[in-house]
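Worksheet: the structure to be examined is printed underneath.
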Amino acid sequence: MKSLRHLAEAAFIYILIAFFSLLPPPAASAIGGFLGRMIGPRLAASRKAARHIHKIWPDCPPARRDQIIKGMWDNLGRTFAEYPHLEEIARNRCDIMGAEIVHQAHKTHGNILLFSGHIGNWEICPAKYYVTINTPVHLVYRAPNNPHLENLLQKMRSLHGKLLTIRKSRSGAKAIVMAARNKESLAILIDQKYNEGIPVPFLGWMAMTSTSPIANAQRYNMPIIPMRCIRLPNCRFRLEVLPPIPAFNADGSKREEAEVMRSMNDLLGQWIAEHPESWIWQHRRWSSKKVADMPRVCAAPPLSRALPN
């Protein structure tokens, strides 16, 4: 029964992707956002998202919480519809601030560890790295629950093979080490759910976190560079590259892996607080241990910015 459901779901997704590929990026994005706003808030996943927003910001007014959830689905719908156009968006519809940081790190070290989260259209970050540096990057990804969709997603996110991909798995962990050893860059999303690793604070609560990327970055002297994607109107984007997260102390000794990961999580938390509607809230990411109060960003008046066109 599950297999039949996966086949039907995959057939529907293939048809949608074919439809969006025929449209200009702004039109595809707008229709995807409309579908996301109309369908997403009615799904059970929205109730999960509401619980998670309440967990992080317990005094968030219901109207503001609903606005965040609607914006989240708008962003997800747009991101899905933009998959067939990733390279065109990266080349022609995306500005990058801080490109000199990437150029200098690549020139000095030969490779970098690029990290972000599921914010804006996260798939644009490695695509923009590729068109900016003209060098492939290994994408570390989580396989979709539907196995029939993996090849389709891989073709699109890898720009039809121009980027390299590593599936999150035991064999993938070995491939990550090999890539770092060979001076090849890696791109990771640090807000994926992990059942292994160590607990590290994220948005005020402990979250199981893999520190293996930090170990590889320290072992092979890879700068750990943050990059976030900010969605703008009319299917345009701005990528912001920030200075590397220090992996070593002033005396040259290695920082604790958990300490480095906390610095990365703190930065990701700031990005989410600034644009909460652009993050995926429905994934269960935290344990029951609270470590700090988050800034009461949701207690402020609702965002006046309209959803993108």
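These numbers were taken from a predicted model, which means no experiment stands behind them.
H109 places no side-chain N or O within donor-acceptor distance of the main-chain N or O of P223, the cut-off being under 3.5 Å. The backbone N or O of M178 lies less than 3.5 Å from a partner atom in the side chain of N182, making a donor-acceptor pair. R91 places no side-chain N or O within donor-acceptor distance of the main-chain N or O of K128, the cut-off being under 3.5 Å. At least one donor-acceptor pair under 3.5 Å links the side chain of S185 to the backbone N or O of I112. W73 places a side-chain N or O within 3.5 Å of a backbone atom of G40 that can act as its donor or acceptor partner.
The distance from the CD atom of Q154 to the CG atom of L152 is 10.0 Å, given to the nearest 0.5 Å. Atom CD1 of I176 sits about 7.5 Å away from atom OG of S210, to the nearest 0.5 Å. Atom CD1 in I124 sits 11.0 Å away from atom CE in M227 (nearest 0.5 Å). With rounding to the nearest 0.5 Å, the separation of CZ in R157 from OH in Y141 is 7.5 Å. With values rounded to the nearest 0.5 angstrom, H118 atom NE2 is found 10.5 Å from R285 atom CZ. Separating the CD1 atom in I225 from the CG atom in L114 is a distance of 7.0 Å, to the nearest 0.5 Å.
Taking the side chain as every heavy atom from C-beta outward, Q218 and K254 approach each other to under 4.5 Å. For the pair F248/R255, no side-chain contact is recorded, criterion being any heavy-atom separation below 4.5 Å from C-beta on. For the pair R238 and M97, the minimum side-chain heavy-atom distance is below 4.5 Å. In this structure, R231 and I119 have side chains that are not in contact, with every pair of non-hydrogen atoms separated by 4.5 Å or more. Residues Q282 and I69 form no side-chain contact, since every pair of their non-hydrogen atoms from C-beta on lies 4.5 Å or further apart. Considering only heavy atoms from C-beta on, H138 comes within 4.5 Å of E184 through its side chain. Between I190 and M261, some side-chain heavy-atom pair lies under the 4.5 Å cut-off. Looking only at side-chain heavy atoms (C-beta outward), P201 and N265 stay at 4.5 Å or farther from each other.
For T108 and Q104, the side-chain atoms include at least one donor-acceptor pair closer than 3.5 Å. A donor atom on one side chain and an acceptor atom on the other are found under 3.5 Å apart for D191 and W279. Between the side chains of N121 and E82, at least one donor N or O sits under 3.5 Å from an acceptor N or O.
L164 and V177 end up in different hydrophobic clusters when Ile, Leu, Val, Met, Phe, Trp and Tyr side chains are linked at under 4.5 Å. M156 is connected to V131 through a chain of hydrophobic side-chain contacts under 4.5 Å among Ile, Leu, Val, Met, Phe, Trp and Tyr, so both are in one cluster. When hydrophobic clusters are built by joining Ile, Leu, Val, Met, Phe, Trp and Tyr residues whose side-chain heavy atoms come closer than 4.5 Å, directly or via intermediates, I68 is grouped together with L43.
Pairing each heavy atom of P41 with each of R37, the nearest pair is CD-O, 3.1 Å. Of all heavy-atom pairs between H85 and A81, the closest is CD2-O, 3.8 Å. P244 approaches P226 most closely through the heavy-atom pair CA-CD, 4.3 Å. Minimum interatomic distance between A180 and N216 (heavy atoms only, all atoms of both residues): CB-CB, 4.5 Å. The two residues G197 and M208 make their nearest non-hydrogen contact at O-CE, 3.3 Å. Between L113 and P213, the closest heavy-atom pair is CD2-O, 3.7 Å.
By the 6.0 Å contact criterion, CZ on R47 is open, its count of non-hydrogen atoms from other residues, nucleotides or ligands being 12 or less. For H54, the NE2 atom is loosely surrounded, since the number of other residues' heavy atoms within 6.0 Å does not exceed 12. Counting heavy atoms of neighbouring residues, nucleotides and ligands inside a 6.0 Å radius, atom NZ of K174 does not exceed 12 of them. The environment of NZ in K155 is sparse: at most 12 heavy-atom neighbours from other residues, nucleotides or ligands sit within 6.0 Å. Shown here is M38, whose CE atom has more than 12 heavy atoms of other residues, nucleotides or ligands within 6.0 Å. Around the CD atom of E240, the shell of radius 6.0 Å holds more than 12 heavy atoms that belong to other residues, nucleotides or ligands.
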Requested in this report: With salt bridge (Lys or Arg N to Asp or Glu O under 4.0 Å) as the test, would you mind laying out the steps for R78 and D74 before giving the verdict?
Outcome: CA-CA 6 Å; R78 290 174 182 275; D74 174 86; 2.9 Å; yes

Report task. Give the C-alpha distance, both sets of side-chain angles, the deciding distance and a yes or no for side-chain hydrogen bond (donor to acceptor under 3.5 Å, both in side chains) between R262 and T209. Result -> CA-CA 10 Å; R262 178 163 189 168; T209 305; over 6 Å; no

Requested in this report: Go through L153 and Y83 one step at a time and tell me if the side chain to side chain contact (heavy atoms under 4.5 Å, CB included) criterion holds.
Outcome: CA-CA 8 Å; L153 292 175; Y83 262 109; 4.3 Å; yes

Query raised in the report: Going through the checks in order, is the side-chain hydrogen bond (donor to acceptor under 3.5 Å, both in side chains) test met by R228 and S116?
Result: CA-CA 6 Å; R228 72 161 162 173; S116 190; over 6 Å; no

Query raised in the report: side chain to side chain contact (heavy atoms under 4.5 Å, CB included) between I101 and L242: does it pass, once the steps are laid out?
Result: CA-CA 7 Å; I101 296 173; L242 300 180; 5.6 Å; no

Requested in this report: Apply ring-ring contact (aromatic ring centres under 6.0 Å, His included) to the pair W271 and W122, showing each step before the final yes or no.
Outcome: CA-CA 13 Å; W271 294 345; W122 56 90; over 10 Å; no

Query - Test log, rule side chain to side chain contact (heavy atoms under 4.5 Å, CB included), inputs K162 and E87 - result: CA-CA 10 Å; K162 295 176 184 176; E87 185 167 3; 2.9 Å; yes

Report task. Please assess K55 against W286 for the test side chain to side chain contact (heavy atoms under 4.5 Å, CB included), listing each intermediate value before the final yes or no. Result -> CA-CA 10 Å; K55 183 185 185 79; W286 304 276; 3.8 Å; yes

Using distance only, find each side-chain donor-acceptor pair of residues 7-28 under 3.5 Å and give its atom names and separation, not counting sequence neighbours.
unit_1: E9; atom_1: OE1; unit_2: N146; atom_2: ND2; d: 2.7
unit_1: S21; atom_1: OG; unit_2: I17; atom_2: O; d: 3.4
unit_1: S21; atom_1: OG; unit_2: A18; atom_2: O; d: 2.6

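Between W281 and W57, the distance separating the two ring centers is shorter than 6.0 angstrom.
Salt-bridge annotation for E277 and K70: absent, with no side-chain N of the basic residue lying under 4.0 Å from a carboxylate O of the acidic one.
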